[in-house]
Amino acid sequence: MTNFLFVSDLDHTFVDHDAGNDDARGELSDRLQQHRELHGTKIVYATGRSPQLYRELQSEKNLIQPDALISSVGTEIYFDNSDIPDPDWSEILSPGWNRELILSITAKYPELKLQPESEQRPFKVSFFLEQSEASGVLSQLELELQKHKLKKKLIYSSGIDLDIVPLSSDKGQAMQFLRQKWKFAAEQTVVCGDSGNDIALFAVGNERGIIVGNARPELLQWHNEHPADYRYLAQNFCAGGILEGLKYFGFLQ
Ligand code: GLC
Ligand code: MG
């Protein structure tokens with residue numbers, strides 16, 4: 001067995017929020033930790049949550065300590081439980097990012113409801129946007145932001161969450177930053193997810209991908225439109241689906 005880079009979304013991927021449905025996470029966590037000790041495998045969480053909401057989930061679910069945390073939809077990277085985001089990554093995101101200008105434009109859209117303060121981050125502006133209004137609002141907003149030549153990206157997830165982040169960031173680009181830093185080949189890297197903000201993890205390159213069995217329609221639709229033999233659609237939900245995929249790719253036996 002050789003080491004690999006394990007990168008997983010948390011909500012509804014690594015963590016199953018359905019009561020009594022999260023038994024597989026214990027086994028997955030044990031096996032990953034063992035692999036880390038024996039082979040130097042690295043464990044990374046890639047979440048949309050801010051560090052604050054991440055910590056709440058970590059203590060509530062007693063999550064194993066990752067080697068790095070990608071938080072706020074890929075706009076912040078933390079090593080070894082540090083409180084300070086990696087400055088090299090922040091530097092990559094800064095050019096052309098104008099948070100105030102984005103806020104002044106989005107203020108004109110009554111359909112966009114600001115998410116809680118904790119989820120507004122230096123490189124992330126987040127709203128709730130109802131699915132029924134999403135396609136109209138998103139295309140109009142995209143055009144308007146483009147007029148101002150803003151280097152940004154709109155990420156819509158789970159039929160409700162809209163994140164606006166720098167063009168140079170998302171979970172996929174943050175994952176590749178770590179992969180290159182730690183010198184893992186794409187073939188020795190596996191990414192796992194369930195929803196819209198995870199598409200970037202699967203789309204950025206040819207890292208091995210595991211889509212959990214409970215994935216959201218927006219991710220399944222993207223997967224069907226972009227089939228690839230290095231991506232696996234699991235039967236099982238959440239951690240059970242991850243275990244299934246790790247065995248499929250031969251990372252675990
Ligand atoms: C998490 C974050 C939220 C974000 C969503 C989708 O729920 O807390 O701010 O919009 O993920 O990326
Ligand atoms: Mg998720």
Side-chain angles (χ1 to χ4, degrees), residues 6-18 21-22 24-25 28 44-58 60-61 63 66 69-78 85 93 99 102-103 106 109 111-131 134 137-138 141 152-166 169-175 190-203 209-223 233-234 236-242 245:
F6 173 83
V7 181
S8 181
D9 170 50
L10 290 174
D11 294 290
H12 308 287
T13 300
F14 197 81
V15 176
D16 192 333
H17 288 282
D18 287 339
N21 216 7
D22 209 9
R25 187 162 48 83
L28 175 60
V44 174
Y45 299 140
T47 179
R49 290 178 178 240
S50 60
Q52 183 186 328
L53 288 194
Y54 161 69
R55 283 187 205 294
E56 286 177 18
L57 185 69
Q58 185 178 35
E60 182 195 333
K61 301 283 182 184
L63 300 178
L69 169 71
I70 295 171
S71 84
S72 315
V73 207
T75 62
E76 295 162 40
I77 298 177
Y78 297 86
L93 308 195
R99 210 171 175 284
I102 290 172
L103 280 170
T106 51
Y109 291 77
E111 302 89 342
L112 298 177
K113 310 269 188 290
L114 267 177
Q115 289 188 11
E117 198 51 45
S118 72
E119 301 315 281
Q120 311 302 338
R121 307 292 302 163
F123 295 107
K124 167 176 173 285
V125 183
S126 293
F127 301 91
F128 296 123
L129 171 63
E130 293 298 333
Q131 176 89 69
V137 171
L138 288 175
L141 182 61
K152 51 74 203 106
K153 180 181 287 182
L154 306 185
I155 303 176
Y156 189 59
S157 307
S158 312
I160 188 71
D161 293 319
L162 174 62
D163 303 308
I164 307 180
V165 301
S169 80
D170 53 37
K171 288 186 181 186
Q173 294 179 88
M175 173 275 291
V190 59
V191 301
C192 316
D194 77 298
S195 85
N197 72 9
D198 302 314
I199 292 174
L201 283 174
F202 300 110
I210 301 171
I211 297 180
V212 289
N214 52 296
R216 303 276 319 183
E218 73 259 14
L219 174 56
L220 291 175
Q221 186 187 337
W222 177 85
H223 170 64
L233 179 56
N236 288 294
F237 285 15
C238 300
I242 298 177

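Atoms within a ligand are numbered from 1 in the order they appear, just like the ligands themselves.
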(request) List the steps, then state whether side-chain contact (heavy atoms from CB on, under 4.5 Å) holds for Phe202 with Leu219. (result) CA-CA 10 Å; Phe202 300 110; Leu219 174 56; 3.9 Å; yes
(request) Could you pull out the N/O/S protein atoms under 2.8 Å of the Mg ion (ligand 2), ignoring any water? (result) Asp9 OD2, Asp11 O, Asp194 OD1
(message) Glu111: which residues meet the side-chain hydrogen bond (donor to acceptor under 3.5 Å, both in side chains) condition with it, sequence neighbours left out?
(response) none
(request) Take Asp161 and Gln115 through the side-chain contact (heavy atoms from CB on, under 4.5 Å) test and state the conclusion after the steps. (result) CA-CA 9 Å; Asp161 293 319; Gln115 289 188 11; 3.2 Å; yes
(request) May I ask you to test the Glu218-Ser195 pair for a side-chain heavy-atom distance under 4.5 Å? (result) yes
(message) Under the rule for salt bridge (charged side-chain N to carboxylate O under 4.0 Å, His left out), what residues qualify as partners of Asp16, not counting sequence neighbours?
(response) none
(message) Could you check whether Arg216 pairs with Asp198 (Lys NZ or Arg NE/NH1/NH2 to Asp/Glu carboxylate O, under 4.0 Å)?
(response) no
(request) Before giving the answer on side-chain contact (heavy atoms from CB on, under 4.5 Å), spell out for Leu10 and Leu63 the whole-Å C-alpha distance, their side-chain angles and the decisive distance to 0.1 Å. (result) CA-CA 10 Å; Leu10 290 174; Leu63 300 178; 4.1 Å; yes
(message) If you define the side chain from C-beta out and look only at heavy atoms, does anything of Phe14 sit under 4.5 Å from Thr47?
(response) no
(message) If you define the side chain from C-beta out and look only at heavy atoms, does anything of Val125 sit under 4.5 Å from Gln120?
(response) yes
For ligand 1, output the ligand-protein N/O contacts shorter than 3.5 angstrom; if there are none, return none.
unit_1   : atom_1 : unit_2 : atom_2 : d
ligand 1 : 8 (O)  : Glu119 : OE1    : 2.6
ligand 1 : 9 (O)  : Gln115 : OE1    : 2.5
ligand 1 : 9 (O)  : Lys124 : NZ     : 2.8
ligand 1 : 10 (O) : Gln115 : NE2    : 3.0
ligand 1 : 10 (O) : Asp163 : OD1    : 2.6
ligand 1 : 10 (O) : Asp163 : OD2    : 3.4
ligand 1 : 12 (O) : Asp163 : OD2    : 2.6
ligand 1 : 12 (O) : Asn197 : ND2    : 2.7

